[in-house]
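Everything quoted here is computed from the prediction, not taken from an experiment.
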Amino acid sequence: MLDPRECEDREWVIPTGTGGYSSSTLCGINSRTYHGLLVIPQDPPHRRYMTLAKVEDFVITDGQEYPMSTNHYLNDVFYPEGYRFLDHVERGENFVRWEYLFGNSRVERTLQVHRGYDAITLSYTSQRGIFRLCPLITYRSHHVALKTVHPIFSYKILQDHILLLANGIPFLRVRIRGNYTLEKTEYWYYNFFYRLDFERGTNYLEDLYNPFCVISKGNRIDMDFYWGEFKPEQKILGSREIMDLLSSAGKSFLVKSGDDYAIIAGYHWFDEWGRDTMISMEGILLMNGLFEQAKKILLRYFNALNRGLMPNNFLGNNESAYKGVDVSLWGINAVYKYYQYTNDGEFLKRVFPRMLEVVDWYWKGNGVVVNRENLLYHVGAPRTWMDAQFDGEIVTPREGAAVEINALWYNALMIMDQISKRLGIHDDEFVEKAEKVRSSFMEKFPSEAGLYDYIGWDGKPGREIRPNQLVALALPYPVVSKDIAMRVLEVVEMELLRPYGLSTLSKRDRGYTPFYRGDRASRDRAYHNGPIWPWLVGIYVDAKLNFEYDSIRIKNLLNQFSPLLGVAVRENGYVPELFEDIPPYKKGGCIAQAWSVAELNRAIRNIINYS
């Protein structure tokens, strides 16, 4: 029997491929505002709404009713206690199956996600008895639980399904397959307590509505919950091999809306982010042969440039946000990777003018980026990937010339040189600019601790030991010499390397915070000041492959990261956003992060291929 408090931490998620998802915990307790059996995007893949929160389900046998579900209510009440009867849980690529034991009777419940559609199917079978199934619904942003202001819910019984409405607006359909009777209930269930949100200092109480209950007339019944038409997908168990799991999990971050594609940065709460998309592209799309999808995503981002800046994220309703100074540079790197996989010269011709636009704006400055003595300085903060802020407090400002921005800048200029020559433009403009950048970089950034994290506008260096310096070693065109690279690797391995990735700040720094917990302010202050980020495994392995040619040491990296691989195996290929930097390395942030999965997938494949 799984203890309900332990169960609240044992989460699962299955993305629908539209931007929505189905998610809860292994014993069915919703412990987050984001937990629900069907979340549907209103502006795919954006504006995601919770519709079906859960189903209260019971089996009736020998004249007695037994629960399968469990809820956590206010004042630490767990009811009903279906977790007591849970015997086994099986997770596949697109389904979760639960088995319950009630005396001598075994009951099976399966939730299947029909990927590519906003649709799930719940199937129930039992050796004996009938079922009583009561959907609990809501209609709200998946970010905000509803406690005080509720829609007026109603339903209509149509020819082959039931239509659910909120304030008279249809939002969900239910199709029931099997013999049953419908019991009109119209009950409100009050004070669901979401413990994980309570611990995060966010909204944690909710009321849910039950319009009706379905009572089966036999020992099998199926219920489809959906919006729009859908084509049923077969259940896919999938391989349990780690590389297959990472590949499958990676592809589930890809979403489609009309003719467009996007990569969702993380489930549950992240949307589409430019930086995460460009970094994740190789491990999610290119390594899986999804070249057409990669090309469309690259074109969409490059066509949305604003004074050389690529969108930080698309907000929906054709709105974009521009903030990160590294996004465009990661974009140029992603084009280079795409070309290495596809040899697609026609695509290069099409995207090259946009890449040139990035370089021109960055070289002359655009008001956010300033070219100062051949290094890129940026105005305002936060504009790098270390972007936490709360109530106006910027946790890691790094304003000035950031080490990874200038490493990416050198790499971009070298890529532009290679691509221009591939397109028949025999001009040394880009390589000459790159050499100027490299010369200035090698003058300003090297330190006894590897490389400075940034150079301030006043010329003073940021001396914090952070993993950002690894980018200078890890790109296709590293900006540093081998002696500097080996010093960086020595420092990083001594100060930051962990079994679950890399810590974001040396323990010797006075700002170091290993815990990631508490309210929003506490978590944001810790975010990039100690917690371990798995996505950094990718650039660490690249740095090793670029500068350390010992195949034995490279192969031993598989042992180094075996605990992280163990997490991926247990979680069906998914890897969280971060871990605390102290045993037992508690998971934090999103439970499934795109670049965590992508970069682990890429790193492990590169290690295997090198070895």
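The aromatic ring centroids of Tyr410 and Tyr477 lie 6.0 Å or more from each other. Ring centroids of Phe347 and Tyr339 are separated by 6.0 Å or more, keeping the two rings apart. Taking the centre of each ring, Trp385 and Trp535 come in below the 6.0 Å mark.
The CD atom of Gln560 lies 13.0 Å from the CZ atom of Arg553; values are rounded to the nearest 0.5 Å. Here CG of Asp276 is found 10.5 Å from CD of Glu599. Values are rounded to the nearest 0.5 Å. A distance of 13.5 Å separates CE of Met416 from OH of Tyr336, quoted to the nearest 0.5 Å.
Put simply, the residue from Tyr540, Phe579, Tyr527, Tyr500 that forms a ring-ring contact (aromatic ring centres under 6.0 Å, His included) with Trp533 is Tyr527. Remark: of the listed residues Asn546, Val479, Val480, Val480 is the sole one forming a side chain to side chain contact (heavy atoms under 4.5 Å, CB included) with Leu473.
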Next on the checklist: Please evaluate residues Glu493 and Lys544 with respect to the criterion salt bridge (charged side-chain N to carboxylate O under 4.0 Å, His left out), reporting the C-alpha separation (whole Å), side-chain torsions for both, the decisive distance (0.1 Å), and the verdict.
Outcome noted: CA-CA 11 Å; Glu493 289 171 346; Lys544 297 283 279 187; 2.7 Å; yes

Checklist entry - Should Glu357 and Arg354 be marked as a salt bridge (charged side-chain N to carboxylate O under 4.0 Å, His left out) after you check the CA-CA gap, both sets of side-chain angles, and the distance that decides it? => result CA-CA 5 Å; Glu357 186 178 335; Arg354 292 297 191 177; 3.0 Å; yes

Checklist entry - Going through the checks in order, is the salt bridge (charged side-chain N to carboxylate O under 4.0 Å, His left out) test met by Arg602 and Asp542? => result CA-CA 10 Å; Arg602 194 175 65 81; Asp542 284 344; 2.8 Å; yes

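Asp260 has its side chain out of reach of Lys256: every pair of non-hydrogen atoms, C-beta onward, lies at least 4.5 Å apart. Pro534 has its side chain within reach of Leu564: a pair of non-hydrogen atoms, C-beta onward, lies under 4.5 Å apart. Looking at Ser506 and Arg466, their side chains never come closer than 4.5 Å, going by heavy atoms from C-beta outward. The closest side-chain heavy-atom distance from Leu329 to Asn411 is not below 4.5 Å. Counting heavy atoms from C-beta on, the side chains of Phe390 and Arg523 never come closer than 4.5 Å. Taking the side chain as every heavy atom from C-beta outward, Arg115 and Thr16 never approach each other to under 4.5 Å. Counting heavy atoms from C-beta outward, Glu282 and Tyr341 have side chains that approach closer than 4.5 Å. By the 4.5 Å heavy-atom criterion applied to side chains, Ile332 and Val359 are counted as neighbours.
With hydrogens and angles left out, the side-chain atoms of Asn529 and Thr513 include no donor and acceptor closer than 3.5 Å. One side chain, Arg398 or Thr384, offers a donor N or O that lies under 3.5 Å from an acceptor on the other. Side chain to side chain, Arg605 and Asn601 meet the donor-acceptor criterion of an N or O pair below 3.5 Å.
For Ala334, the side chain to side chain contact (heavy atoms under 4.5 Å, CB included) partners are Met278, Met281, Leu298, not counting sequence neighbours.
Considering all non-hydrogen atoms of both residues, Ile539 and Ala474 come closest at O-CB, 3.2 Å.
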Going by atom type alone, with no hydrogens or angles, which donor-acceptor pairs under 3.5 Å involve a side-chain atom of residues 265-272 and a protein atom two or more places apart or on another chain?
unit_1: His268; atom_1: NE2; unit_2: Ser23; atom_2: OG; d: 2.7
unit_1: Asp271; atom_1: OD1; unit_2: His46; atom_2: ND1; d: 2.8
unit_1: Asp271; atom_1: OD2; unit_2: His46; atom_2: ND1; d: 3.2
unit_1: Glu272; atom_1: OE2; unit_2: Arg300; atom_2: NH1; d: 3.3
unit_1: Glu272; atom_1: OE2; unit_2: Arg300; atom_2: NH2; d: 2.5
unit_1: Glu272; atom_1: OE2; unit_2: Tyr301; atom_2: OH; d: 3.2

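Distance alone, capped at 3.5 Å, places no donor-acceptor pair between the Gln42 side chain and the Ser141 backbone.
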